[in-house]
Amino acid sequence: MILPLQQAVRAALRDTLTTLYGADAVPAALVVDIPPSRALGDLALPCAFELARTLRKAPRAIAQEIVAALPPIDGVRRVEAVAGGYINVFLDRAAFLRARLGRPAVHPLDATRPKTIVEHTAINPNKAAHIGHLRNAALGDTVGRLLRFLGTPVEIQNYIDDTGVQVADVVVGFERIDGRSVDAVRALAAAPRFDYLCWDLYARVTDWYEADKSRLVTRAETLHAIEHGGNRTAEMAAVIADAIVRCHLRTMARLHIDYDLLSWEGDILRLQFWDTAFDILERNGTVYLQTEGKLKGCWVMEIDEDVDLTGGSGAAVRVDPLDQEAAPEQREKVIVRSDGTVTYVGKDIANQFWKFGLLGKDFAYRAFGTRLTGETLWATTSTGGRSDHPPFGRAGTVINVIDTRQAYLQKLLKQALATMGHRREAEHSIHFSYEMVALSHKTARELGYAAAPDGRPFVEVSGRKGLGVKADDLIDRLIAKAREEVSRRNPDLPTAAAQEVADAIAVAALRYFMVKFSRTKVIVFDIDEALSFEGESGPYLQYAAVRAGNIFGKLREREQLDEAAIAGLLDALSDDALHDGEDGDALWDLVLTCGRLDEAVDIAVRTLEPAVLAKYGFALAQSFNGFYHRFPILSEERRDVRLWRAAAASYFRQQMIQALDLVGATVPGRM
RNA sequence: GCGCCCGUAGCUCAGCUGGAUAGAGCGUUGGCCUCCGAAGCCAAAGGUCGCAAGUUCGACUCUUGCCGGGCGCACCA
């Protein structure tokens with residue numbers, strides 16, 4: 001926890017600057033940086049450079065004035081102005097560690113804050129999950145964990161598109177190509193790997209359409225039947241969707257990902273959420289019937305190109321009506337097709353309205369399964385339902401984790417809210433977008449896919465073609481490889497224990513890999529790279545924590561000291577070990593790095609960039625590994641030095657366990 | 001054509017609201033296991049930060065324009 005300390009320094013600085021130069025001269029944002037080395041200090045304040053302009057004085061002189069006027073700050077040892085004009089702050093090292101060791105960095109839940117809904121995963125329930133879906137789920141789950149870390153109430157939703165084209169296609173496959181009955185499909189669905197079976201079937205359906213385009217009529221018919229309900233086709237679709245969703249949940253559970261609520265698109269239709277939303281939109285004029293042109297007979301929404309909705313935080317502002325004449329062609333998006341069916345956008349608008357509690361209606365809820373925590377996993381339903389469900393929806397902020405290719409649609413959602421006068425909700429409608437996962441040519445070849453020679457550096461994952469690495473296959477390979485390593489390094493480890501360790505390593509490797517890149521970067525997935533347990537990887541982080549853990553195992557044996565006892569001894573201990581100098585600086589550097597976890601989380605949440613946390617975790621592990629090699633703990637003769645080093649290692653372990661938990665990974669006992 | 005994203009070391013990427021010598025992983029080369037576990041550590045080599053202007057005391061970071069690449073712009077989602 002270093003944020004409160006930063007705030008205290010910032011507040012003191014602000015007061016001092018106000019006193020010295022007047023409120024007007026104080027910069028709006030006071031930057032707190034990190035000096036390049038501990039010898040230079042722990043926090044750096046570059047404000048003198050900024051003030052130099054308005055005050056027309058040398059930065060160095062200003063810095064000196066400020067330092068002289070700065071009051072004592074709790075937790076700060078001294079403040080000094082250095083050469084160029086930086087003001088460097090030195091923290092009270094021993095007090096810092098004493099105050100934090102053994103105290104969790106997690107903020108307690110603040111139930112008074114508005115809820116944030118995070119929707120992620122949302123895989124079409126018609127085939128197995130693949131690596132692209134894993135990026136979505138890993139990012140979404142981590143965002144949820146980061147928000148919870150900061151004490152924000154969070155509700156994780158998984159949207160199930162059970163009435164869409166993709167499910168319809170698999171139904172077409174079973175009904176028209178394979179000639180199977182509902183009961184036959186039900187039997188298949190009960191067997192393991194039904195999601196794999198559908199994966200292949202879906203690819204066959206694509207080929208089937210491809211061979212004769214007129215067959216696409218069956219898709220439309222099937223989709224209609226599913227939307228209409230009350231027939232065998234719809235029943236089959238329901239059987240498929242239910243079974244596939246359960247497959248997806250099992251896959252995600254392997255990666256420690258789960259949900260508060262599954263929201264089913266079918267319920268949005270059956271409960272006529274769309275009709276309600278439509279009434280609102282039509283009355284308001286946001287959606288209107290197009291009477292001419294190629295969209296004749298469709299209910300459409302104007303696409304307002306000038307609404308700035310890209311940043312996620314930008315205010316939605318309608319353009320001056322006068323300027324609209326300048327726009328050569330007003331574009332429209334179909335919300336209700338001429339045949340009366342609702343597009344995805346329409347359903348999603350209704351869903352988004354519901355998430356904010358703006359619809360005036362609610363779902364009924366049923367128990368769908370059991371969560372990883374042992375609690376009930378809830379799902380929406382249209383009829384009946386239970387009354388003992390927790391409250392869902394009514395969020396203050398909605399974060400939709402959806403890949404960047406759907407930015408356009410998400411923009412429309414926001415626009416609909418803004419146009420309806422729900423400015424606040426529009427601003428709190430966040431499209432958490434991320435780039436796609438593609439395959440390296442090498443990996444595509446390994447999967448037996450001969451890449452078309454289009455000269456592109458990667459091969460796009462394609463569910464329709466059945467091209468992609470299935471999530472479960474990848475997890476299996478990771479576990480097998482980890483298992484091999486674990487057994488090689490720990491031949492004495494019993495099978496069950498070795499398996500458990502291998503699982504933990506595989507999860508950490510995969511989840512770390514999925515969040516270590518910025519959202520905006522295309523991941524060109526290479527199986528060998530993802531399988532790596534070295535360098536900047538999840539297992540590297542785990543390994544550092546395991547090493548630290550081993551030290552405490554030995555300390556317990558030799559000195560009957562556990563981590564709590566070590567923390568308890570610090571108060572009475574001389575803090576020479578932390579004093580300025582090469583060794584003290586190195587020890588302190590580790591402690592300070594450990595302390596920055598909350599800062600990393602804060603930045604990750606502010607920028608909606610989980611990679612920040614991943615990078616922090618890596619830097620933290622590096623910091624410990626470097627320390628580990630330079631400074632022995634068990635064999636250190638001076639008791640006070642030994643204990644301070646042990647305390648730092650303990651603090652490191654505490655923070656690393658927390659950091660790994662934020663990406664959904666655990667620390668095994670050995671590895 | 002319009003919109004969004006990317007362009008930093010051989011490869012893959014960090015670089016937060018402009019600030020102290022542009023960092024890391026992989027790969028390459030060379031060291032380190034009688035010493036808390038080598039899934040590790042240390043060191044070396046490797047960069048006109050796509051290009052060009054502009055703003056600034058100061059630009060990888062902000063603005064504009066270009067160049068290169070990706071993705072969108074369906075009565076699919």
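Since we're looking at a predicted model, the values are computed, not measured. Lettering follows sequence order; numbering is per chain, from 1.
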Pairs flagged by ring-ring contact (aromatic ring centres under 6.0 Å, His included) wherever residues 531-557 of chain A is involved - sequence neighbours left out: A/Tyr540-A/Phe618
Trace of the side chain to side chain donor-acceptor pair (under 3.5 Å) decision for A/Lys127 with A/Gln166: CA-CA 9 Å; A/Lys127 61 180 178 304; A/Gln166 295 217 14; 3.0 Å; yes
Nucleotide nearest A/Lys615 when distance is taken to its side chain, options B/G40, B/G37, B/A14: B/A14
For A/Trp299, all residues meeting ring pair (Phe, Tyr, Trp, His ring centres under 6.0 Å), sequence neighbours excluded: A/Phe278
Sugar-phosphate only, base, or nothing, as touched by A/Met671 at under 4.0 Å among non-hydrogen atoms: base
Sugar-phosphate only, base, or nothing, as touched by A/Phe517 at under 4.0 Å among non-hydrogen atoms: sugar-phosphate
Polar pair under 3.5 Å, donor/acceptor by atom type, side chain A/Ser338, base B/C75: yes
Contact letters for nucleotides 30-35 of chain B, in which S counts primed atoms plus P, OP1 and OP2 and B counts the base, heavy atoms under 4.0 Å: ------
Residues in contact with RNA chain B, drawn from residues 343-351 of chain A - heavy-atom cutoff 4.0 Å: A/Thr343, A/Tyr344
Near-strand residues of residues 47-60 of chain A, defined as heavy-atom separation under 4.0 angstrom from RNA chain B: A/Phe49, A/Glu50, A/Arg53
Are any protein N/O atoms closer than 3.5 Å to N/O atoms in nucleotides 23-26 of chain B? If there are, list each pair with its distance.
| from | atom 1 | to | atom 2 | distance (Å) |
| --- | --- | --- | --- | --- |
| B/A24 | O3' | A/Gln622 | NE2 | 3.2 |
| B/G25 | O2' | A/Glu536 | N | 3.4 |

Residue pair A/Met301 / A/Leu412, side-chain heavy-atom distance below 4.5 Å: yes
Beyond-backbone contact of A/Ile123 with A/Tyr159, side-chain heavy atoms, under 4.5 angstrom: no
Heavy-atom side-chain contact between A/Gln410 and A/Leu413 under 4.5 Å: yes
Pair listing, side-chain hydrogen bond (donor to acceptor under 3.5 Å, both in side chains) test, anchored in residues 41-64 of chain A, at least two apart: A/Asp42-A/Trp588, A/Lys57-A/Glu65
Euclidean distance, atom CH2 of residue A/Trp274 to atom C1' of B/C75 [Å, nearest integer]: 14 Å
Ranges pairing with ranges for RNA chain B, where each run has three or more Watson-Crick or G-U pairs under 3.5 Å: B:1-7 with B:67-73, B:10-13 with B:23-26, B:28-32 with B:40-44, B:50-54 with B:62-66
For A/Tyr651, all residues meeting ring pair (Phe, Tyr, Trp, His ring centres under 6.0 Å), sequence neighbours excluded: none
Atom pair distance, as rounded to whole Å: OH in A/Tyr408 and P in B/C2: 15 Å
Check: B/G40 base within 3.5 Å donor-acceptor of A/Asn625 side chain: no
Whether A/Phe513 and A/Phe517 hold their rings parallel, tilted or perpendicular, with breakpoints at 30° and 60°: perpendicular
Touch class at under 4.0 angstrom, heavy-atom based, for A/Ile505 against every strand present: base
Stepwise side chain to side chain donor-acceptor pair (under 3.5 Å) check, A/Asn550 with A/Arg670: CA-CA 8 Å; A/Asn550 287 343; A/Arg670 338 170 25 176; over 6 Å; no
Donor-acceptor pair under 3.5 Å, A/Asn88 side chain vs B/A20 base: yes
Sugar-phosphate, base or nothing in reach of A/Ala619, heavy atoms under 4.0 Å: nothing
Test ring pair (Phe, Tyr, Trp, His ring centres under 6.0 Å) applied to A/Phe49 - qualifying residues, sequence neighbours left out: A/Tyr86
Conformer about C1'-N of B/C6 - syn within 90° of 0, anti elsewhere: anti
Atom pair distance, as rounded to whole Å: CD in A/Glu435 and P in B/G69: 17 Å
Nearest-Å distance for atom pair CG/C1', residues A/Asp598 and B/C16: 15 Å
Test side chain to side chain contact (heavy atoms under 4.5 Å, CB included) applied to A/Asn136 - qualifying residues, sequence neighbours left out: A/His120, A/Val401, A/Tyr434
Contacts of type ring pair (Phe, Tyr, Trp, His ring centres under 6.0 Å), residue A/Phe631, not counting sequence neighbours: A/Phe627
Sugar-phosphate only, base, or nothing, as touched by A/Val342 at under 4.0 Å among non-hydrogen atoms: nothing
salt_bridge(A/Lys615, A/Glu536) N-O dist < 4.0 Å: yes
Basic-acidic side-chain contact under 4.0 Å: A/Asp589, A/Arg38: yes
NZ/NE/NH1/NH2 to OD/OE distance under 4.0 Å, A/Lys347 and A/Glu265: yes
